[in-house]
Amino acid sequence: MSTGIHDTTSPVRLAPAMLALLTLVACTPEHTAELPHLGATVAETSVSGISSGAYMAGQFQIAHGDVVVGAAIIAGGPYGCAESLFADMLPGPGSALLNATKAINGCMLNAMQIWGVPNPRLLADKARRLADSRRIAPIESVTGDRIYLFSGKEDRTVVPAIVVAAAEFYAALGVPSDRIGLETRLDAGHGFVTEDQGLACDRSTKPYLVDCDYDQAGALLTHIYGALAPRSPAPTGTYHTFDQRPFTRDLGDHGMSDAGVVYVPEGCRTGSGCRIHIAFHGCGQNRALVEEAFVRGTGFDRWADTNRLIVLFPQTATSPFNPQACWDWWGYTGRDYLTRDAPQITAVRRMLDALAAPRASS
């Protein structure tokens, strides 16, 4: 799974009629509905993500620690890892370009270890400064969270040492060791791990779902929330494709897709008080690139059915500058990307608030 930062595509010659057809399809909006108001409980939200989604899960958790109770970081590193010390010296997109180099070499491949990158203690200090300036939630709101981290032994995209650094970051932040779970035993490649879906366990290619006989969705939800009711034999809830544009309308260069997905168990459709889990896809894993593979193949739905859990799958968009639809963990949406004011974090928080709004009376 690439960061999408340096990806290129080979030129393909298309007949004019085919080009016109593709243009028409690309410009035809997907049929979407409003995100339903379900009276959900925002204060018990959890987050997870893989790769760029793992970084975004951590960023959302740190920004909104007042409502997030736990985070799962799958093949991702510590909060703020990609931000260069010299980023503030460059105007406009220059800082993002500088961060991109550090992101790949220092925060994925661990090729900058000799220069102390990543440095979990310095990154924890960065988070404390942002909290002191009220750009993220108070650090105390995060130290009680439960943290699940995962790295596969065969992952060569985000190497295991980077995930270990994420665990060290949370420890430096003050999260007790018994609340941090680090799983590194499986011979998994770069992907979300499942019990029976996806590619061979050691693969690292689209759709970035790998079958390692391990129920990662259940493992991370259990670590965060504690003992859960057994999952349903098959999904019984409903997937809703919803319009993300109302949540991004005033956000400028946000990088979000027009449509997202939410899974609503039957009990959450008819009753209030369900919790919310936000699942952030990785690079190369949004619906435009792998269709519904991440949304429906991860296994969150079966656990959601029996545990009154709404699962939100927000979506980023592909673009010439972000062809793999990565979440912003190096600053391509602007310098506020680590804070509550980040466009993507703002949009997803608005989605939470919409799910928490009282359901319409019938």
Side-chain angles (χ1 to χ4, degrees), residues 1-12 22 26 30 47-59 72-77 81-82 96 99-101 103-105 107-109 150-152 154-159 162-163 188-194 197-212 216-217 241 244 254-261 278-300 312-333 337 344 348:
M1 185 178 298
S2 166
T3 60
I5 299 170
H6 293 301
D7 285 359
T8 59
T9 55
S10 299
V12 178
L22 292 176
E30 180 178 19
V47 295
S48 67
I50 172 173
S51 195
S52 72
Y55 276 104
M56 179 52 67
Q59 288 165 206
I73 310 298
I74 301 164
C81 182
N99 291 348
T101 299
I104 295 170
N105 294 303
C107 306
M108 294 176 64
L109 302 177
F150 179 89
S151 179
E154 298 301 318
D155 193 335
R156 302 291 182 265
T157 305
V158 177
V159 300
I162 296 298
V163 183
H190 191 70
F192 190 97
V193 182
T194 76
Q197 299 292 314
L199 307 174
C201 186
D202 62 354
R203 296 291 300 278
S204 296
T205 189
K206 291 176 184 175
Y208 302 106
L209 290 180
V210 292
D211 175 2
C212 300
Q216 189 157 66
T241 302
Q244 291 191 152
H254 49 75
M256 300 286 287
S257 173
D258 287 348
V261 178
I278 307 170
F280 293 101
H281 62 74
C283 299
Q285 207 177 35
N286 74 346
R287 293 170 69 236
L289 296 172
V290 299
E291 299 181 337
E292 301 292 311
F294 178 76
V295 171
R296 294 177 183 261
T298 45
F300 284 117
L312 177 66
F313 297 93
Q315 299 285 302
T316 53
T318 56
S319 72
F321 299 103
N322 186 20
Q324 296 299 316
C326 301
W327 289 93
D328 183 13
W329 63 284
W330 69 90
Y332 71 77
T333 62
Y337 72 101
Q344 293 178 353
V348 175

Please give me the minimum heavy-atom distance between [X] and [Y], naming the atom from each residue.
X	Y	answer
Cys107	Val158	O-CG1, 4.4 Å
Ala96	Gly331	CB-O, 3.6 Å
Phe150	Gly152	CE2-N, 3.6 Å
Gly191	Ile74	O-CG2, 4.2 Å
Ile50	Ala75	CG1-CB, 4.5 Å
Gly299	Ala217	C-CB, 3.9 Å

Drop me the distance from [X]'s [atom1] to [Y]'s [atom2], to the nearest 0.5 angstrom.
X	Y	atom1	atom2	answer
Met108	Trp329	CE	CH2	5.5 Å
Tyr208	Ser51	OH	OG	8.0 Å
Leu209	Leu199	CG	CG	7.5 Å
Thr157	Leu109	OG1	CG	8.0 Å
Ser204	Glu154	OG	CD	8.0 Å
Gln197	Cys212	CD	SG	12.5 Å

Contacts of Asn286 that satisfy side-chain hydrogen bond (donor to acceptor under 3.5 Å, both in side chains) - sequence neighbours left out:
none

Partner residues of Gln216 under the side-chain hydrogen bond (donor to acceptor under 3.5 Å, both in side chains) criterion, sequence neighbours left out:
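Partners of Gln216 by the side-chain hydrogen bond (donor to acceptor under 3.5 Å, both in side chains) criterion, ordered by chain and then number, come out as Tyr148.
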
Pick one: which of Tyr332, Tyr55, Phe280 meets ring pair (Phe, Tyr, Trp, His ring centres under 6.0 Å) with Trp327?
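Of the listed residues Tyr332, Tyr55, Phe280, the ring pair (Phe, Tyr, Trp, His ring centres under 6.0 Å) partner of Trp327 is Phe280.
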
Taking the side chain as every heavy atom from C-beta outward, state whether Ser48 and Phe300 have any pair of such atoms under 4.5 Å apart.
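Yes; the side chains approach each other to less than 4.5 Å.
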
Are the side chains of Thr194 and Thr298 in touch, meaning some heavy atoms are under 4.5 Å apart?
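No, every pair of side-chain atoms sits at 4.5 Å or beyond.
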
Partner of Arg287 under side-chain hydrogen bond (donor to acceptor under 3.5 Å, both in side chains), chosen from His281, Gln315, Glu292
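When side-chain hydrogen bond (donor to acceptor under 3.5 Å, both in side chains) is applied between Arg287 and each of His281, Gln315, Glu292, only Glu292 qualifies.
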
Between Tyr337 and the options Gln59, Gln344, Met56, the side-chain contact (heavy atoms from CB on, under 4.5 Å) test singles out Gln59

Do the side chain of Gln244 and the main chain of Ser257 share a donor and acceptor less than 3.5 angstrom apart?
yes

